[in-house]
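Take a look at the structure set out below.
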Amino acid sequence: MKRARQKVLVENEAAQASQQNKKQRTCFRGSPFGDSNLHASDWGSLPHHVILRIFQFLPLVDRAKASSVCRRWNEIFHVPDLWRKFEFELNQPATSYLKSTHPDLIQQIIKRHADHLQYVSFKVDSSTESAEAACDILSQLVNCSIKTLGLISTAKPSFMNVSKAHFTSALTVVFVNSKSLSSIKIDDTPVDDPSLKVLVANNSDTLKLLKMSSCPHVSPAGILCVADQCHGLKELALNYYILSDELLLALSSEKHVDLEHLRIDVVSENPGQVEFHTIKKQSWDAFVKHSPKVNIVMYFFLYEEEFDAFFREETPVTHLYFGRAVSKAMLGRIGLNCPRLIELVVCANGLQPLDDELIRIAERCKNLTAMGLGECEVTCRGFIEFVKMCGGRLTQLSIMEEVLIPDNDYNLDQLHSEVSKHLGRMWFPDMMPTW
């Protein structure tokens, strides 16, 4: 009898355990987390803010799967906090291997979450279809309160192939309805002066960052309108052709906050067809007096014969990048007229040693902390002298081994030890990869 009662108890416990496991499997069917040692009651009792925090770390696809686990998780999936930041990825499967945001999800976002979006970016491939799709989405964001907007082309031309009317119409919808835009990145787009006037009319009190390099339909007057009205602007990126004395003076007005970052792209696609103007020293001086800590970054993509307008007088540039060959004479002018220089990167120079130019830069540019040299030539002795004059302030020093020419005083092994000694740390030249 006792043995029979024990058998019945064991069978009852096994049945209860089997039923409990069945309930747990039912509850977690389709869960992205797979098998779990936690009981269903443990997951169900998680606080709202904990589940929300978990969802914030999940990729969108996994978040969508998790939303199908139960009604409570589905409700959290639609909480506004999860939709404040979103990146629309628009690519054509026939021409791109990159993933794309599903059209059904896009429509769901527009329908249910457009008024929750605050930090929005569009990443598109080089196709016109993808750029036009981005414009179509922008034109539907009529109830949005976007704070940051970024339009990113993974490859040109993309947005530049969209008709100007279609693009500006879509952009204007966001400019008019947001009222609180603080950051806008619209490089390589057909934005124009009227669009910028709409931006200023609706967001002048909040705009702090504007990046619009390679926007050929914007004139100096268009960007001047932004500087005149957006007194809180702290970062600005543009092409050199719309930089003017009037713009620098507008950014130097008493009403304007200190600018922190000014990026200037100096680009020429057709040598000899563009005549570059000169910015007056007085304008630069007024600008730096108003914003003494501003970083002025200049990217040059010019041919050697097009540099004549630059650095004839003192220029307060802090970061210089040369994407094409630059002459010895140009580097000499930089040493004479760029006392605020912090970083210098030279892609190529030619076959003449740059010893004198580097030594002059070390003498005059007391803030220089980073240097990069590509297809150039420097003697080992000249390079050691440059490093000795700069000393430990050179926190970044990237020089290809092929740049360094052994001389009667030093070979490459000796150069390594001498440079390391003056820098106060171990240093080696960069090696060209063999693959």
Side-chain angles (χ1 to χ4, degrees), residues 20-93 96-125 130 133-152 154 173-174 177-185 206 208-209:
Q20 182 68 23
N21 288 337
K22 184 177 179 180
K23 288 181 179 179
Q24 290 184 19
R25 287 195 299 271
T26 301
C27 180
F28 287 96
R29 186 176 295 126
S31 169
F33 304 107
D35 294 334
S36 173
N37 293 324
L38 290 174
H39 294 294
S41 58
D42 294 329
W43 283 106
S45 62
L46 281 176
H48 179 282
H49 72 277
V50 173
I51 301 176
L52 180 62
R53 186 64 173 163
I54 293 171
F55 272 32
Q56 288 174 336
F57 284 100
L58 290 177
L60 180 61
V61 174
D62 291 340
R63 197 191 308 166
K65 289 180 180 178
S67 71
S68 65
V69 169
C70 61
R71 180 179 298 174
R72 183 163 176 255
W73 285 19
N74 184 263
E75 291 173 353
I76 294 175
F77 177 71
H78 293 288
V79 166
D81 284 352
L82 290 175
W83 298 98
R84 290 202 172 104
K85 182 178 181 180
F86 193 82
E87 180 175 77
F88 294 92
E89 296 181 277
L90 305 172
N91 304 290
Q92 301 303 308
S96 176
Y97 64 90
L98 300 172
K99 62 181 180 179
S100 190
T101 307
H102 197 280
D104 292 344
L105 178 59
I106 292 174
Q107 289 307 312
Q108 186 181 74
I109 292 171
I110 293 172
K111 183 178 179 180
R112 299 190 60 171
H113 301 293
D115 55 339
H116 303 148
L117 295 173
Q118 293 184 1
Y119 309 96
V120 180
S121 61
F122 291 82
K123 184 182 289 185
V124 304
D125 59 14
S130 297
C135 293
D136 292 339
I137 296 171
L138 282 171
S139 64
Q140 297 179 68
L141 301 180
V142 293
N143 296 318
C144 64
S145 56
I146 294 176
K147 294 183 178 179
T148 70
L149 174 65
L151 303 182
I152 304 164
T154 55
V173 170
V174 177
N177 289 285
S178 290
K179 306 293 186 183
S180 58
L181 277 165
S182 64
S183 173
I184 305 173
K185 300 178 183 179
T206 57
K208 291 180 172 58
L209 181 149

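If you read the sequence from its start, that first residue is 1, and numbering goes on from there.
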Backbone N/O of Asp136 and side chain of Gln140: donor-acceptor pair under 3.5 Å: yes
Nearest heavy-atom neighbours spanning Thr101 and Glu87: OG1-O, 3.9 Å
Partner residues of Asp81 under the salt bridge (Lys or Arg N to Asp or Glu O under 4.0 Å) criterion, sequence neighbours left out: Arg84
Phe55-Phe57 aromatic ring centre distance below 6.0 Å: no
Minimum heavy-atom distance between Gln92 and Asp125, given as atom pair plus value: N-OD2, 2.8 Å
Shortest non-hydrogen contact between Ala133 and Leu90, atoms and distance: C-CD1, 4.0 Å
Mutual orientation of the aromatic rings belonging to Phe77 and Trp83 [parallel < 30°, tilted 30-60°, perpendicular > 60°]: perpendicular
Ser130 to Asn91 - nearest heavy-atom pair and separation: OG-CA, 3.6 Å
Non-neighbouring partners of His116 that pass ring pair (Phe, Tyr, Trp, His ring centres under 6.0 Å), sequence neighbours left out: His113
May I have the list of side-chain donor-acceptor pairs in residues 141-150 shorter than 3.5 Å, sequence neighbours left out?
none

Donor-acceptor contact present, side-chain Thr206 to main-chain Leu181, <3.5 Å: yes
Note, His102 side chain near Glu89 side chain (heavy atom, < 4.5 Å): no
